[in-house]
Structure formats: structure tokens, C-alpha cells
Amino acid sequence: MAVRLDGKALADRIKAQVREEAAALTRPPALAVVLAGDDPASQIYVRGKERDCAECGIQSRTHRLRCDEARRDLLPLIASLNQDPAVDGILVQLPLPEGLESRAVLQAIAPEKDVDCFHPLNVGRMALGEPGFRPCTPAGLLALLDAYAIPIRGRHCVILGRSNLVGRPLAQMLTARDGTVTLCHSRTEGLADLTRQADILVCAVGQAGLVTADMVREGAVVLDVAMNRTPEGRLTGDADFPAVEAKASFITPVPGGAGPMTRAMLMRNVLAAAKGGDAAC
Ligand code: NAP
């Protein structure tokens, strides 16, 4: 039976450390969150970020724009936040309302305030292994592996999902830590043959029940990033949790694994931005 990787407990420890370091600065770190439109899930995520900031002694200010306002005002707002010395980090909550191109919006954020690590300059730095911000979800997974002393070097890491948010940057970060990475996607052939070779299996697709126990090697580490809703409204990952838990050596629960770690890493990036240096990586 696998050990559950307790993302909630580790995230609490990281946030306590952020709070301590933030308190030692001459002024509290400040995060500007931009929420455009009325997507209900985004409203919940933004409230969560506001709570995390309060917990960490980080000032947060949420700029709410209606869809029509966003089309006119979003880019000028980002430009003024870029210039504002009292703002350390800027986060634009995705998805954006129709008619707004996320690529142009994310590129408008000053790289030194890009705490989500979406700007091409920061993505490029990460790809080159240079110091800089790291995207929150992959960084959270690496922090979990490290906290449980799970080695990466030389291990076969199989990642399901190649999004810019999770799979792609995680592949680079695991490679930088000397993991041997196989990055899978919707066109991958022989998926189960690949997953069965994984020492570390990352599920980041968004399809409940995709990963069954027969796809997992005995003793593998399973990191389930996905957040799917069952018809009853329960949150679940991509893995068939009870069956896979019985076979794995370590596994992230959903909820309580990758989710809280993502949020804690955002706080760490805001602190790093406030310190004016690069995020620890
Ligand atoms: P996404 O942009 O929709 O990407 C999904 C990826 O899965 C794509 O690369 C897709 O391949 C691949 N895929 C689809 N079907 C597949 C299959 N049968 N086998 C292998 N790969 C397949 O999703 P995302 O934004 O990365 O999010 C993935 C999941 O993680 C979602 O459930 C999301 O809610 C969750 N998430 C959680 C956190 C957290 O903090 N816990 C953070 C971010 C995301 P193609 O590229 O070929 O289309």
C-alpha cells in the first residue's frame, strides 16, 4: 500500500516559511491578481489565492474586470501594474473571456513580475536551466518528491499530458534533475506499455479513470495532478485511486496532493519577486 504524499501538510510548512521571510522584508510582498469575466471556477481560484496571501503576510489586490471592460482595459491595467513599484507579482487568472488572446496578455506582464512563469523569457530561462521563476504545479511536484526523499536521478519519469502549464515544463525540470523523461499525449501509441516502465508516473490529463492499476508498475511513484469532478461532484484525479494506491510506493491523493502545493509555490514565487531576485529552483 502506497504512502500518501501529503501536499497539504508540506504546503502549510512552505507557507509558514514564506510568512516568516515576508515579515523580515521592509514592506510586505504584494501580488496583483487580475480577474477578467465571470467564470465561476476562476472566482473560486482567486478567492483561494487571496486567502493564501493573507496567510503568508502577502498583500493581495484583485482587479475585477467585466468582459467588455477587459477587452478595453486589460492591457493598459497590466502596463500600469508593470510600472507600479508597490506591486511585486502579477497574475492574470485564466481562462480569459472570448475575444482576448491569452498569449498577448501573458506576454505583456513584465518578466520580473511573472510569478506564474508564463512569459516566454521565463519559459526560456527554465528551458536553459537558468535561475528564474519556475511554474507552480511542476515546482510543487518536485518539492513533494524532495520532501519525501524520492530520488529523481536516473529514474524513468513518464508524464501523461504535455500542456504548457504542467507536462511540458515538468519534463524540462525533471530532465534538469537527471530524470529520464518520456512525455506522452493524446497521440501517444502504446500508452500502457510506457506507463508500466515508469519509476515516477505523472498523470496530468484530466480524464478520471484513465490510469488503471494494470498500467502501473509495482512500487512506482504516482503523482496525480488532475482535478476531475465525478457526476456526484467529488474531486478525483486521473488514476483509479484505490487500485493504484495498492500497487504504488507513493501516491498523491486528490484532493490534498498537487493542488495545495501549486498554491504554496505561487506564494514562494511572489516572495522571490519581492526580494527582487530569482525564485529558488
Ligand atoms: P490540458 O491543457 O487539457 O492538457 C491535457 C493533456 O493531456 C494534453 O497534452 C493532451 O494531449 C493530453 N491527453 C489527452 N488525452 C490523453 C490520453 N488519452 N493519453 C495521454 N495524454 C492525453 O490540461 P492541463 O491544463 O495540463 O491540466 C491537466 C489536468 O491537471 C486537469 O485535470 C487540470 O484540472 C489539472 N491541473 C491541476 C493543477 C493543480 O494544481 N493540481 C494545476 C494545473 C492543472 P494533446 O496535447 O495531444 O492534446
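In listed order, ligands and their atoms are each counted from 1.
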Does ligand 1 have any N/O pairs with the protein under 3.5 Å, and how far apart?
residue	atom	partner	partner atom	Å
ligand 1	9 (O)	R162	N	2.8
ligand 1	11 (O)	S186	N	3.1
ligand 1	15 (N)	Q207	NE2	3.3
ligand 1	26 (O)	S163	OG	2.5
ligand 1	32 (O)	M227	N	3.0
ligand 1	40 (O)	T262	OG1	2.8
ligand 1	41 (N)	V225	O	3.2
ligand 1	46 (O)	R162	NE	2.7
ligand 1	47 (O)	R162	NE	3.4
ligand 1	47 (O)	R162	NH2	2.8
ligand 1	47 (O)	S186	N	3.2
ligand 1	47 (O)	S186	OG	2.5

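- I14 pairs in a side-chain contact (heavy atoms from CB on, under 4.5 Å) with only one of the listed residues (R263, R19, M265), which is M265.
- A side-chain donor-acceptor contact under 3.5 Å links R168 to the backbone of R162.
- Among pairs with a residue in residues 190-203, those fulfilling side chain to side chain donor-acceptor pair (under 3.5 Å) read D193-R196, D199-R217, at least two apart in sequence or across chains.
- In summary, K8 and D12 engage in a salt bridge, as defined by a charged side-chain N under 4.0 Å from a carboxylate O.
- Using a 4.0 Å cut-off between a side-chain N of Lys or Arg and a carboxylate O of Asp or Glu, D240 and K247 do not qualify as a salt bridge.
- The pair R177-D146 meets the salt-bridge criterion, with a side-chain N (NZ, NE, NH1 or NH2) lying under 4.0 Å from an Asp/Glu carboxylate O.
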